[in-house]
Number of protein chains: 2
Amino acid sequence: MATGRTHRPATRSRGIPEATVARLPLYLRALTALSERSVPTVSSEELAVAAGVNSAKLRKDFSYLGSYGTRGVGYDVEYLVYQISRELGLTQDWPVVIVGIGNLGAALANYGGFASRGFRVAALIDADPEMAGKPVAGMPVQHTDELERIISDNGVSIGVIATPAGGAQQVCERLVAAGVTSILNFAPTVLTVPDGVDVRKVDLSIELQILAFHEQRKAGEEAAAAEAGTPPPIRSTAASRKGPDGEVPAVMPA
Amino acid sequence: MATGRTHRPATRSRGIPEATVARLPLYLRALTALSERSVPTVSSEELAVAAGVNSAKLRKDFSYLGSYGTRGVGYDVEYLVYQISRELGLTQDWPVVIVGIGNLGAALANYGGFASRGFRVAALIDADPEMAGKPVAGMPVQHTDELERIISDNGVSIGVIATPAGGAQQVCERLVAAGVTSILNFAPTVLTVPDGVDVRKVDLSIELQILAFHEQRKAGEEAAAAEAGTPPPIRSTAASRKGPDGEVPAVMPA
DNA sequence: ATGCCTTTGTGAACGCGTGCACAAAGATTG
DNA sequence: CAATCTTTGTGCACGCGTTCACAAAGGCAT
């Protein structure tokens, strides 16, 4: 769905793989911790452990940014912090708006991890007139009517959607129309956006469901390993619903 | 076939790619919406659009679960809802505990998406004695001292960590020692866990940093395009200030 | 300066995930 | 029953990301 000629030139000026970009914040956090402890240099191995990744991967990641290490020594912590920050665009100020000031929106507004990374909450916006003017995180909530003006006045290009699923798409469209080009979506909905707009999605319930899958798998293997006749080691509250078709084979490969 | 497949005959769960598992909740949500509208069947194409994925990918995903579709017709919505729910383990009750009842923990406690998916918040736990007994989401907060007993009594196998980074590893260890085998971590820290324990991480600030990277890249390309004579497709924000090199701006992560 | 030791940077192989394209399978119609 | 139409299920090729393994590069001691 393309509304404009937002055809981005495939000029991979910086051919940094997406997977690498996703890890840069991880490295940055680990490096910041080292910096606070006044550690001058780190090896790829040490840093990899701190960031929870493979050291070869880390070195390859850094090779995309340029080669900032010294063989036989490692990486200069301060220098690397700066380089990664610059690469991620954190050396500039990013005003963001949060739309939907419910429990989650309020939590996000209070979240300290934003300000320390160059993100500034420019405004809190909610559709409920009752909320208007109410202070959250030391900042008055503003009504949705003000959305366009706020974005324009503050030059906001990043929006956070924390509304219920129902209103997310509409909010999204207004944000985009007002000039926002990056959206962090917490609403459990697929957002449709024009080309040139980035959307990242965080769905708490999805994460839990993935955990449940693995949890079930673990329980199943445990049971299979213990073979039949052994009571389940972990008590499971059986509240199994039944499908409309009645019984279905439990675990049978096709 | 020359090389025999090493496909495990025991459980097909093992054969389901991780990427597919991560999409199952997405399909489930779309299917649930269809179910509520009493739509009897859906084609892979329709469902793919609703879930925001490619239809071929969706069909391949479903092929890992078994072939539940009917050629020429599509998929039975109700049946598929049940099959996916069962595969994800959502047909059973999953008691979870939330540790760290700050803004985020409270938001999670109030989050409606849990209960509707078979997750039940068994307890809210916080280290602050001041919090003990205080009701959050209609449920009294309990002190960390009770952690082991709560987990044992309720048969909790999934824990959610929403504490500050400093206390996360310790909480994690206590959870694991008490029997938790799946952890959803919101603390900005790498958790070290023994084999057999799954950890999924959600870091709000990381998501924003990734967005900032792309935003910066867009701004850079926009500038390049404008220089080439092409008008910028989307209004450029007044706040976007490019800092290629030179002095280090004051916005450095602390 | 020379040789040894450490650690980086990267070529190459491998595995996973994705998407295309099409044959097979079932529904539907005459 | 046969022809036609729709949609699934999947073989295959391709590209991305990961990991291994090692040569190159720098530091350091003698």
Side-chain angles (χ1 to χ4, degrees), chain A residues 10 12 14-27 30-31 34 39-77 79-80 83-84 87 210 213 253-254, chain B residues 1-8 12-24 26-27 30-31 34 39-77 79-80 83-84 87 210 213-214:
Chain A
R12 283 221 183 270
R14 283 289 202 189
I16 301 183
E18 191 56 33
T20 295
V21 173
R23 279 188 295 268
L24 290 182
L26 228 54
Y27 302 144
L31 284 165
L34 291 172
V39 177
T41 61
V42 284
S43 70
S44 62
E45 184 56 35
E46 292 168 324
L47 186 54
V49 169
V53 303
N54 178 298
S55 71
K57 195 189 295 184
L58 179 144
R59 288 198 299 276
K60 180 145 287 187
D61 283 344
F62 286 173
S63 79
Y64 291 117
L65 310 185
S67 298
Y68 300 134
T70 305
R71 298 178 192 228
V73 177
Y75 298 88
D76 182 279
V77 172
Y79 188 59
L80 206 47
Q83 289 297 344
I84 295 180
E87 197 67 54
I210 296 171
F213 171 84
Chain B
M1 271 299 187
T3 51
R5 288 183 303 179
T6 48
H7 200 89
R8 282 278 187 214
R12 68 169 177 250
S13 345
R14 207 185 307 253
I16 301 183
E18 191 57 33
T20 295
V21 173
R23 279 188 296 269
L24 291 183
L26 227 55
Y27 302 143
L31 285 165
L34 290 172
V39 177
T41 61
V42 63
S43 72
S44 63
E45 184 57 36
E46 292 168 323
L47 187 55
V49 169
V53 302
N54 177 296
S55 70
K57 195 189 297 187
L58 178 144
R59 288 198 298 275
K60 182 150 289 188
D61 284 342
F62 287 173
S63 80
Y64 291 118
L65 310 185
S67 299
Y68 299 135
T70 305
R71 297 177 193 227
V73 177
Y75 299 89
D76 182 279
V77 171
Y79 189 59
L80 204 46
Q83 288 297 344
I84 295 179
E87 197 66 55
I210 296 171
F213 171 84
H214 291 296

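Just so it is clear: chains get the letters A, B, ... in the order the sequence lines come, proteins before strands, and each one is counted from 1. Just so you know, these numbers use all the heavy atoms, side chains as well, and skip hydrogens, waters and symmetry mates.
One finds no side-chain N or O of A:Ser44 lying less than 4.0 angstrom from the OP1 or OP2 phosphate oxygen of C:dT7.
The distance between atom CD of B:Glu45 and atom C1' of C:dA21, rounded to the nearest whole Å, is 15 Å. A straight line from OH of A:Tyr64 to C1' of C:dT8 spans 15 Å, rounded to a whole angstrom. Between the CZ atom of A:Phe62 and the P atom of C:dT8 there is a distance of 10 Å, given to the nearest Å. The nearest whole Å value for the distance from the CG atom in B:Leu47 to the P atom in D:dG9 is 12 Å. Summarising the geometry, the separation between CZ on B:Arg23 and C1' on C:dG19 is reported as 12 Å, rounded to the nearest angstrom. Across the protein-nucleic acid pair, B:Glu46 atom CD and D:dT7 atom P stand 8 Å apart, rounded to whole Å. Taking atom CD1 of residue A:Ile16 and atom P of nucleotide D:dC16, one finds them 15 Å apart after rounding to whole Å.
Put simply, the side chain of B:Leu24 reaches to within 4.5 Å of the side chain of B:Leu65, judged on heavy atoms. Residues B:Arg59 and B:Ser63 are not in side-chain contact: their nearest non-hydrogen atoms beyond the backbone lie 4.5 Å or more apart. Using a 4.5 Å heavy-atom threshold, the side chains of B:Ile210 and A:Glu18 count as touching.
Heavy-atom distances under 4.0 Å link DNA chain D to A:Asn54, A:Ala56, A:Lys57, A:Arg59 of residues 52-59 of chain A, given in residue order.
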How does protein contact run along nucleotides 25-30 of chain C, one letter per nucleotide 5' to 3', with B for base contact, S for sugar-phosphate only, - for none, heavy atoms under 4.0 Å? BSS---

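Annotation: ring pair (Phe, Tyr, Trp, His ring centres under 6.0 Å) contacts of A:Phe62 (sequence neighbours excluded): A:Tyr27, A:Tyr75.
Of the listed nucleotides (D:dG9, C:dT7, C:dG17), D:dG9 has the atom at the smallest distance from the side chain of B:Tyr75.
Rounded to the nearest 0.5 Å, atoms CD (B:Gln83) and CG (B:Leu31) are 11.5 Å apart. Here the CG atom belonging to B:Asn54 is positioned 8.0 Å from the CD atom belonging to B:Glu45, to the nearest 0.5 angstrom. Taken from CD in B:Glu87 to CG in B:Leu80, the straight-line distance is 11.0 Å, to the nearest 0.5 Å.
For D:dT18, the base has no donor-acceptor partner in the side chain of A:Lys60 [N/O atoms by modelled type, under 3.5 angstrom].
Remark on DNA chain D: of its neighbouring residues A:Ala19 and B:Ser63, the 5'-side contact belongs to B:Ser63, judged by nearest-heavy-atom nucleotide.
If you check every strand for non-hydrogen atoms under 4.0 Å, A:Glu18 touches sugar and phosphate atoms only.
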